[in-house]
Amino acid sequence: MALSDAPQFGPATALSCRECGTLYDLGPIFACSECFGPLEVAYDFGDVRREDIESGPTNIWRYRALLPVPENVATKPNLQPGWTKLIKADNLAAELGLRSLHVKDDSGNPTHSFKDRVVSIALEAARAFGFHTLSCSSTGNLAGAVGAAAARAGLDSCVFIPANLEEAKITMAAVYGGRLVAIDGTYDEVNRFCSELIGDELGEKWGFVNVNLRPFYAEGSKTLAYEIAEQLGWRLPDQIVIPVASGSQLTKVDKGFRELIKLGLVEDRPYRIFGAQAEGCSPVSAAYKAGHDVVQPVRPNTIAKSLAIGNPADGPYVLDIARRTGGAVEDVDDREVVEAIRLLARTEGVFAETAGGVTVGVLRKLVRNGALDPDAETVVLNTGDGLKTLDAVAAEARPTAVIRPSLEAFRTAFAN
Amino acid sequence: MSVSVRIPTILRTYTSGAAEVSGDGGTLREVLQKLDVDYPGIGGRILDETGKIRRFVNVYVGEEDVRFTEGLDTPTPGGSQISVIPAVAGG
Ligand SMILES: Cc1ncc(COP(=O)(O)O)c(C=O)c1O
Ligand SMILES: [Zn+2]
């Protein structure tokens, strides 16, 4: 399918192998046939100006000139995600001893996680390639995002999840009316299943957002970088903490920052990228600490199920980026995840899911161990909504008192 | 030992489009060597110049990712199902 000169992909010109540079026509392919390396979208951006972006819609389509999407993408039926709040987190900063901290709160997306960003790009690719069914392997959030996007676009959907996910994620994945298939196994096993389904005629004309549409999907995470820079007044943060499951998001935030520098949209200053994992699924953090440049897969066991990918495809790139930028990859245990969810809620009024707990927990740990500079401008991502992982805090977040409806009862209950 | 090998889409040019081929060998290394004899060039797509499994490919013997077992020395008893699968991004 040679669509290189089709206008459906805006400034995108080709797919290029991130490992060996081999070029391919834009199409529903994701791995290099020379070396299996992941394919990335390559562009010819031309001139992109701040004013054009600023006059665009208040969603990710304001950056359409930097994405593999058609010029008129904002008029198509899609979820219009993004332009989420960048919260100046002075209370949390004070508690942690940081001078300047912002929380990029992506729980404000249509299906309450950053996944709406990536799915929206994959959806446009699915339309361009004539696919009738949108699919994915998911740790939970992606399944809901795919179901919702397909419903809006009028496509069929069939999404695959590990059977042991949180109830709220299962409900959210199912409610949009597409097919939801729960698989007895880990995410990595679901992923493997999907890879085999793609080669089979059962999966023909299916767009798997994170498999055969992965090069397009992944570009969606660049919009986090663009938004953060624009919301800071067209400036890059000095340091940023990002959760890592497959490592796609972190890898693309870095790509987004580099593009902004290259296009002259922000000043060329060094920034440091830090990755966050849960101890019970920390293959990238372990490789970072051991000085390795490949990642040994693990079997996940953590409450941070959205980050429970034991065999992270972009793990090697996370290691490269953390080392290149002077960042690090760190992990926290489940107890610290719960503490961090409560810390963020108590200080800033933001209720994060476990992935956000991992990221804020790692932020706190990195401040304590001196890896983060307390005087530098810092951004931390909250990528999902606490309502999807209620069990993590349900036992601790309880009524302060249960009383009869009388002043006397209230006075007695709070006598001391 | 006779085994079967599932071929990912991007390598099916080597197998005339076949999604599954039969192979032979007591370990994964031997199976891949034989596979390269039967379908010249395919081995170099799965292993890098130093003979290690490429960093973006996953190989399974049965249900097990061989990075959890003995890598290329993983035994492949008769009837084993071997799968070669490109790494994919998650979530
Ligand atoms: C809430 C949340 N945050 C972060 C991630 C990490 O994404 P990636 O696989 O791109 O590293 C996920 C992935 O599933 C997620 O659901
Ligand atoms: Zn390549």
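Just so it is clear, the model here is predicted, and its values are computed rather than measured. A, B, ... follow the sequence lines: proteins, then strands. Residue 1 opens every chain.
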Examine whether an atom of [X] lies under 4.5 Å from a heavy atom of chain A, and if so say whether it belongs to the side chain, the backbone or both; otherwise answer neither.
X: B:Leu11; result: side chain
X: B:Arg45; result: both
X: B:Ser83; result: side chain

**Nearest-0.5 Å distance, CG of residue A:Asn191 to CD1 of residue B:Ile85** =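 Here the rounded value is 9.0 Å.
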**Prompt:** chain B: which of A:Val294, A:Val298, A:Asp200, A:Ile161 shares the most heavy-atom pairs with it under 4.5 Å?
**Reply:**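 Of A:Val294, A:Val298, A:Asp200, A:Ile161, A:Val298 has the most heavy-atom pairs under 4.5 Å with chain B.
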**Asked** Between A:Glu196, A:Gln249, A:Glu189, which residue shows the highest count of heavy-atom pairs closer than 4.5 Å to chain B?
**Response**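 Most heavy-atom pairs within the cutoff with chain B belong to A:Glu196.
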**Request:** Identify the two heavy atoms, one from B:Ile10 and one from A:Cys32, that lie closest to each other, and give their separation to 0.1 Å.
**Result:**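 Scanning both residues, the minimum pair turns out to be CD1-O, 3.6 Å.
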**Request:** Kindly give the heavy-atom pair with the smallest separation between B:Pro86 and A:Ser195, and that separation in Å.
**Result:** O-OG, 4.4 Å
**Item:** Contacting region of A:Asn311 [heavy-atom separation from chain B under 4.5 Å]
**Value:**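 For A:Asn311, side-chain heavy atoms alone lie under 4.5 Å from chain B.
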**Request:** Can you tell which part of A:Glu34 gets under 4.5 Å to a heavy atom of chain B, answering side chain, backbone, both or neither?
**Result:** both
**Asked** Among B:Val57, B:Ile7, B:Ile46, which residue forms the greatest number of heavy-atom pairs with chain A at distances under 4.5 Å?
**Response**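 Among the listed options, the one with the most contacts to chain A is B:Val57.
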**Asked** Below 4.0 angstrom, N of the basic side chain to O of the carboxylate: do B:Arg55 and A:Glu19 qualify?
**Response** yes
**Request:** Evaluate the criterion side chain to side chain contact (heavy atoms under 4.5 Å, CB included) for residue pair B:Asp48 and A:Phe36; output intermediate values, then yes/no.
**Result:** CA-CA 10 Å; B:Asp48 67 17; A:Phe36 276 97; over 6 Å; no
**Message:** Suppose we call two aromatic rings close when their centres sit under 6.0 Å apart. Are A:Tyr317 and B:Phe56 close by that rule?
**Reply:** yes
**Request:** Report, by ascending residue number, the residues of residues 58-75 of chain B in heavy-atom contact with chain A at a distance under 4.5 Å; give 'none' if the set is empty.
**Result:** B:Asn58, B:Tyr60, B:Gly62, B:Glu63, B:Glu64, B:Asp65, B:Arg67, B:Phe68
